[in-house]
There are 2 protein chains.
Amino acid sequence: MTDHDIQSQILSETANLGRTLGQAHRLNLLETIAQGERSVERLGELTGLSIANASQHLQHLRRAGFVQTRRDGKRVLYRLGDGPVLELLTALRQYVEHQRTEIGAFVDDSRHQLNRVEGISRHQLLKRLEQEAVTLLDVRSEEEYALGHLPGALNIPLEELESRLAELPLDHEIVAYCRGPYCVLSVDAVTALCAKGLNARRLERGFLDWRAAGLSVETL
Amino acid sequence: MTDHDIQSQILSETANLGRTLGQAHRLNLLETIAQGERSVERLGELTGLSIANASQHLQHLRRAGFVQTRRDGKRVLYRLGDGPVLELLTALRQYVEHQRTEIGAFVDDSRHQLNRVEGISRHQLLKRLEQEAVTLLDVRSEEEYALGHLPGALNIPLEELESRLAELPLDHEIVAYCRGPYCVLSVDAVTALCAKGLNARRLERGFLDWRAAGLSVETL
DNA sequence: AAAACATTCAATTGATTCTTTGAATGAAAA
DNA sequence: TTTTCATTCAAAGAATCAATTGAATGTTTT
């Protein structure tokens, strides 16, 4: 077998896996199985599928190695396969998570009140930092913060913001930032902070722009 | 929006991503783009697709956020998106890698000469270990070895076996093992070792079975 | 051995998806 | 402006895939 053939065989095997994950019902089944061994009937119930249909999807999952079966009396129980299935699911979930915090071209801005939030450019921020007290607030996840953040920035992931308000100053300005211009985290953060009466604005183009401009980045 | 609705929306968004990865041509394009920014024409050449077809697939990838574009003169250049795309691709590749070392129900055993390799059961192994000198050889990857292995086993991943033959004893028996009964690594290892004149056998049900039996496991 | 039961298989229908073709954009060069 | 060129769009036929139905399989219970 030539090198090229092997490559294209791997590619189509990979595509098969992708296709297997490319069906909401199957993903649903897989996530359900990830929570524990179940019979076909139970899986059908839990996912709202007819038994025959569930069975068919389950076999698709089995062919891909995502699940394995064993017999227990007259039932067949499905469990996760022993490859790195969870790792793959986690990578997928993390990607989706990231996608959902991006402002897509078609996402309605009204849900995240982008226009009502005051922005500040990188240049304005640099001037401010020289002149007066400004608290830099990084609202991305701890992992992203650890990989690099603006020097001196405080990290409070958006989900923790409400419970950690006490860490923020009441007397001077807060500038919140997240990944980039299309990241929605800082918009929501500033909206929340302003609602609490804090003086908060949003760094317009976020961390990606800061790093791209060659400005210094702090890591953990 | 109810909780259930959000869940099923996430599920179908995830399925969309899966479907996007579920096409060999698209995966090929994506892997090519991962190696550097390229125009549509070049990508078409490199992947053997018509330009219109390549363009269509590229837009599919773009809708999923896997790639982004910029214009340079009269060309449109495609690059990777700024989400955790590589992480996802890596997880996929690792899963495929794992799959390819499993003996599928339909895989032809003749490629991996399973029947020509002498197996040894867990019980036989335990007896042997009490009586005589046996070298235990773990042919899985370093990562898997680090997560747990049979006590005292030597780790030489299959790929390194040929170059590290000197580490193995000529005078007494070697028992090689890998993940489980369907893992092909130890089969290939024993075939290679026997061909070199070493006295090697294969632990029939591998590490998974050992751990499942509650026997002691060593970690790094 | 027969009945009851959970699961799987097979065949059909309807819906998506892929490729190709040729036309339409839209930016740069003449 | 007009021409050129890379890319995208749109439509149509071919191929693949999902859900449903009813029958078949293989266990357990009677």
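Throughout, protein chains are lettered first and strands after them, A, B, ... in sequence-line order, and every chain is numbered starting at 1. No hydrogens, no waters, no symmetry mates; every other heavy atom, side chains included, goes into these values.
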### Separation of C/dA15 C1' from B/Arg19 CZ (nearest whole Å)
12 Å

### Query
For DNA chain D, whose closest nucleotide is more 5', that of A/Gly22 or that of B/Leu58?
B/Leu58

### Query
Does a side chain donor of either A/Ser55 or A/Gln59 reach within less than 3.5 Å of an acceptor in the other side chain?
yes

### Query
Can you list the residues that meet the side chain to side chain contact (heavy atoms under 4.5 Å, CB included) rule with B/Val96, with sequence neighbours excluded?
A/Ile10, A/Glu13, A/Thr14, A/Leu17, B/Arg100

### Message
Please report the end-to-end axis angle for the helix from C/dA1-D/dT30 to C/dA30-D/dT1, five pairs per end, rounded to 10 degrees.
### Response
20°

#### Entry: Reported OG-to-CZ distance for the pair B/Ser216 and B/Arg211, which is rounded to 0.5 angstrom
13.0 Å

### Task
Go through residues 25-41 of chain B and report each residue with a non-hydrogen atom lying under 4.0 Å from DNA chain D, sorted by number.
B/Ser39, B/Val40, B/Glu41

### Query
Which pairs pass ring pair (Phe, Tyr, Trp, His ring centres under 6.0 Å) with one or both residues in residues 19-63 of chain B, sequence neighbours excluded?
none

#### Entry: Residue list, side chain to side chain donor-acceptor pair (under 3.5 Å) with B/Thr69, at least two apart or on another chain
B/Arg62

#### Entry: Short side-chain N/O contact from A/Gln59 to OP1 or OP2 of C/dC9, under 4.0 Å
yes

### Message
As a quick check of understanding, evaluate side chain to side chain contact (heavy atoms under 4.5 Å, CB included) for A/Thr47 and A/Thr32, giving each step before the final call.
### Response
CA-CA 8 Å; A/Thr47 56; A/Thr32 308; 4.0 Å; yes

#### Entry: Within residues 50-57 of chain B, residues whose heavy atoms come under 4.0 Å of DNA chain D
B/Ile51, B/Ala52, B/Ser55, B/Gln56

### Task
Return each pair, listed once, that meets salt bridge (Lys or Arg N to Asp or Glu O under 4.0 Å) where at least one residue sits in residues 17-38 of chain A; pairs must be two or more places apart or across chains.
A/Glu31-A/Arg93, A/Glu37-A/Arg70

### Message
Quick test of your reading of the model: are A/Glu45 and A/Arg42 salt-bridged, counting only N-O distances below 4.0 Å?
### Response
yes

### Message
So, using side chain to side chain contact (heavy atoms under 4.5 Å, CB included) as the criterion, who are the partners of A/Ser141 when residues are at least two apart?
### Response
A/Glu143, A/Glu144

### Task
Give the intermediate values and the outcome of side chain to side chain contact (heavy atoms under 4.5 Å, CB included) for residues B/Leu150 and B/Leu215.
CA-CA 9 Å; B/Leu150 305 214; B/Leu215 293 164; over 6 Å; no

## Note on the structure
When rounded to the nearest 0.5 Å, the distance separating OG of A/Ser8 from CG of B/Leu27 is 12.5 Å

#### Entry: Any residue of residues 66-79 of chain B with a heavy atom less than 4.0 Å from an atom of DNA chain C
B/Arg71, B/Gly73, B/Lys74

### Summary
Those residues at least two apart in sequence (or on a different chain) that pass side chain to side chain contact (heavy atoms under 4.5 Å, CB included) with B/Ala34 are B/Leu80, B/Leu86

### Task
Of all the heavy-atom pairs spanning A/Ala91 and B/Ala91, show the shortest one and how long it is.
CB-CB, 3.7 Å

## Note on the structure
Whole-Å distance, A/Leu49 CG to C/dT7 C1', equals 15 Å

## Note on the structure
At a 4.0 Å cut-off to heavy atoms of chain A, the contacted part of DNA chain D spans D/dC17 to D/dT28

### Partner residues of B/Pro84 under the side chain to side chain contact (heavy atoms under 4.5 Å, CB included) criterion, sequence neighbours left out
A/Tyr95, A/His98, B/Glu87

### Query
Measuring from A/Arg201:CZ to A/Gln124:CD, what's the distance to the nearest 0.5 Å?
6.0 Å

